Amino acid sequence: MSAAATQAALEHWSALIEGLLDPVWLVDAATLHIVTANTAAGSLLGTDAWSLRGRAAADLSATAEDIVFWNEVAAGLTDAILSDTVVRRFDGAIVPVTRRVSRLGSDDVLLVTLRDLSAQRKAEDELETRLAELRATLESSADGILVTDLGGTIRNFNRRFATLWGLPEELLTQRDDRAVQDWMRRSVVSQGGDDYTRRLNAIMDAALLQTTDVLTLHSGKVIERVTLPQCSRGQPIGRVFSFRDISEKLAAKRRIEELSHTDALTGLPNRRLLADRVEFALAMAQRNGQPFALMVLNLDRFKHVNDTLGMGLGDRVLLEVTDRIKSCLRNVDTVARQGGDEFVLLVHQADAAGAEATARRVLDAMARPFTLDEQSFTVTCSIGVALCPTDGDTLDELMRRADAAMHRVKDAGRASFRFHQAQTDEAPRSHMQIDHAMRQALVSGLFRLHYQPQINLRTGAVVGAEALIRWRDPVLGDVSPGEFIPVAEESGFIIAIGDWVLSQAVRQAAAWRANGVAMPVSINVSALQFQQPDFPERVARELKAANLPPQLLELELTESILIHDAQDALHRLQALATLGVQLAIDDFGTGYSSLGYLKRFPIHRLKIDRSFVNHLPGDAGDVAIVNAIIQLGRAMNLRVIAEGVETEPQRQFLLDAGCDEFQGFLYAPALDSPSFESRVGVATPPSSPVRLIVK
């Protein structure tokens, strides 16, 4: 072809390719140089179309493969290609393109057309990123996710789904939908027929149905399945199944339910569950007349077990006690733990004979020695029995009466059983009633002190008075000290009562002294009050406030106080003796007496308990004890006083035996202060002490 013809052809092709939207350039097949290019090609490569003319085609290549291609074209090996590749812009940037190279007819011209793939690649990258994020989201879910189309074909799932269902790895790699569905069906515990398949078909048949159900697997897992429709443009295209393992949640719920009804240590029913079973027994008793027994069982001195062996071994003892009690009951009966070392037994269809037989079986079982960690010991129990309907027709009534009977067993020596007896087990007033009333009595000023004269046996003169507390309540009437003092000691309120007695008695003694009557006064002080660290300081403050000389105050202590903590008691007694207060031992001979302690304590007087005086002079044993106490007092240079003297033979015996003083109904009962003053009539020597009895 002539040069003119060639030029004309190029101009023709240039005009033609300029009208194309895609980048195009023409390459001389002989020289492999660009002879012309359209504007789109210049824009793609970041230059103008004219600048491309005359450039080697290989200069625009960005890969080694492209250079090899153009070399093959130059060698005549190929002159056509269609591939995805990249080209280098003039600014150095790489552009992805689809490239086609073809020869134009018989002309020695190669047509190179390009399609810019940048936007497509960007969209693909964004789609890939989103798919990766979606996959990461699925994998990070705590739930197992399974996505299917409307026909049940699996479209997606996460690893948690495979783990929950225990899917084998080969099923995951094979992508065998039917095998996966069959595995799931066989993994579910059937509830009759092919229940799993029936439920799944019902779900799949309702495209927009949202369901929640629970599946139990043979592996022991309990799985909650939530099914949601998957929609696109408002139309259902599949279903999303979410699986959550709720095994631990259900186990925790069951455990909470168990703990709300059972004892944590023994697993026995607690009071709540016991109440339900007693209510059922009561209903049966009312409907069918079936009696039953309720027993309260308390271990004897179990605190000693804990103190000696430790709490851990104590718990093991309670577990064995539980087993022994259960072995004595029928399957229909119930043993519940109330807490600590107390158990309650519900024995169905049991009259008095049946209840007694059960109680004896339990006592026999408990009588067997316990052996733990090579240590052998015995733990006995006390049992109180109440019968329904004889002793009550409510749980509270039966519990209260069985508990009262159990405490009667404790008082009688333990290790036995007792039926409720209305005449003895029903206390006229409850501890709670007395505790509340006595607190109000102290605030309202209902307590008062009476004084019993103390007489010199040789002269007949009144040498002192014992202050005794009295209480008349507007609701309860007269309440004896023997009834409310134990309640006060148990609750600790005895400290407040003792402080009041101390203050009132010291003030009364000071008032008598101011009127010329120096009268000794004896005041009962509890062990708990004496054990208060500041007790000597309290005594000193009251003496100072009343301006009463300390030597007029005598403290009478029971032996139990002295031996409870002998060293601590000695320190307090020495502080009181230093203060100038007189000291005595009350109820001497009724407790554990240690002559070693007695010799160390700064004691001035011994008081013979009324239990040794009651049968004088006829009881040889009491005669011997009283004579021994009097001789001991003389040997240790202590004065001796006897209480509870009610007859002239008692007084005469004490006088002949060498006792120093006495008090009792023979001379006078405890009197209020005006009656006491009227009865005594004269003042005693100012050297006589005021005696504070510490019990």
Side-chain angles (χ1 to χ4, degrees), residues 255-275 277-278 293-330 333-347 358-386 395 399-400 402-418 431 486 489-492 527-528 531 560 563-565 568 592:
R255 180 59 177 160
I256 292 172
E257 186 70 17
E258 289 175 2
L259 291 176
S260 69
H261 289 88
T262 59
D263 172 59
L265 173 64
T266 63
L268 294 176
N270 59 13
R271 185 178 179 87
R272 179 180 174 184
L273 183 54
L274 174 68
R277 295 186 179 180
V278 171
L294 195 71
M295 304 181 181
V296 173
L297 181 152
N298 189 273
L299 302 183
D300 297 329
R301 299 183 178 91
F302 186 69
K303 183 177 183 297
H304 294 173
V305 175
N306 281 333
D307 291 345
T308 304
L309 305 179
M311 298 292 290
L313 216 58
D315 286 347
R316 290 170 59 188
V317 172
L318 290 174
L319 291 173
E320 184 166 340
V321 167
T322 298
D323 291 339
R324 293 191 184 190
I325 296 174
K326 289 167 67 176
S327 70
C328 300
L329 302 179
R330 301 164 298 177
D333 300 329
T334 295
V335 54
R337 185 184 179 211
Q338 291 290 90
D341 59 348
E342 187 164 286
F343 299 81
V344 179
L345 283 61
L346 172 61
V347 185
T358 300
R360 292 192 183 280
R361 285 198 302 272
V362 173
L363 291 172
D364 290 343
M366 291 297 297
R368 298 196 305 269
F370 288 73
T371 301
L372 295 175
D373 293 348
E374 299 182 352
Q375 298 186 69
S376 296
F377 51 91
T378 300
V379 179
T380 60
C381 66
S382 300
I383 304 174
V385 184
L395 173 62
M399 283 290 297
R400 178 164 49 84
D403 188 70
M406 181 271 293
H407 280 94
R408 289 286 182 180
V409 176
K410 295 277 190 183
D411 295 340
R414 302 177 173 85
S416 185
F417 75 96
R418 179 190 181 99
H431 275 42
E489 289 176 337
E490 183 179 343
S491 66
L528 188 59
Q531 290 162 6
S560 61
I563 66 172
H564 176 71
D565 188 340
D568 186 61
Y592 172 80

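Quick note: residue numbers are just sequence positions, from 1. These numbers come from a predicted model, not from an experiment.
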Rounded to the nearest 0.5 Å, how far apart are [atom1] of [X] and [atom2] of [Y]?
| X | Y | atom1 | atom2 | result |
| --- | --- | --- | --- | --- |
| Asn298 | Glu342 | CG | CD | 5.0 Å |
| Asp323 | Thr266 | CG | OG1 | 9.5 Å |
| Phe302 | Thr380 | CZ | OG1 | 12.0 Å |
| Asp300 | Ser382 | CG | OG | 3.5 Å |
| Arg360 | Ser416 | CZ | OG | 7.0 Å |
| Arg361 | Thr358 | CZ | OG1 | 4.0 Å |

Qualifying residues under salt bridge (charged side-chain N to carboxylate O under 4.0 Å, His left out), relative to [X], sequence neighbours excluded:
| X | answer |
| --- | --- |
| Glu320 | Arg324 |
| Asp373 | Arg316 |
| Arg330 | Asp333 |

Are side-chain heavy atoms of [X] and [Y] found at a separation under 4.5 Å?
| X | Y | answer |
| --- | --- | --- |
| Leu297 | Phe417 | no |
| Val344 | Met399 | yes |
| Leu372 | Gln375 | no |
| Leu329 | Val335 | yes |
| Phe343 | Leu318 | yes |
| Leu345 | Thr334 | no |
| Leu395 | Leu294 | yes |

Answer yes or no: are there more than 12 heavy-atom neighbours, outside Lys326 itself, under 6.0 Å from its atom NZ? no
Testing the basics here: between [X] and [Y], what is the closest heavy-atom pair and its distance to 0.1 Å?
| X | Y | answer |
| --- | --- | --- |
| Pro269 | Arg277 | CG-NH1, 3.8 Å |
| Ala402 | Val296 | CB-CG2, 3.6 Å |
| Cys381 | Val362 | SG-CG1, 4.4 Å |
| Ile383 | Met295 | CG2-CB, 3.9 Å |
| Val385 | Ala405 | N-CB, 4.1 Å |
| Ser376 | Thr371 | OG-OG1, 3.1 Å |

Partner of Asp263 under side-chain hydrogen bond (donor to acceptor under 3.5 Å, both in side chains), chosen from Arg337, Arg271, Gln338: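 The residue from Arg337, Arg271, Gln338 that satisfies side-chain hydrogen bond (donor to acceptor under 3.5 Å, both in side chains) with Asp263 turns out to be Arg337.
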Using the side chain to side chain contact (heavy atoms under 4.5 Å, CB included) rule, take Phe370 and Val305 through it: C-alpha gap first, then chi angles, then the decisive distance, then the call. CA-CA 11 Å; Phe370 288 73; Val305 175; over 6 Å; no
Under 3.5 Å donor-acceptor, Arg418 side chain and Val409 backbone: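 No, Arg418 side chain to Val409 backbone: no donor-acceptor pair under 3.5 Å.
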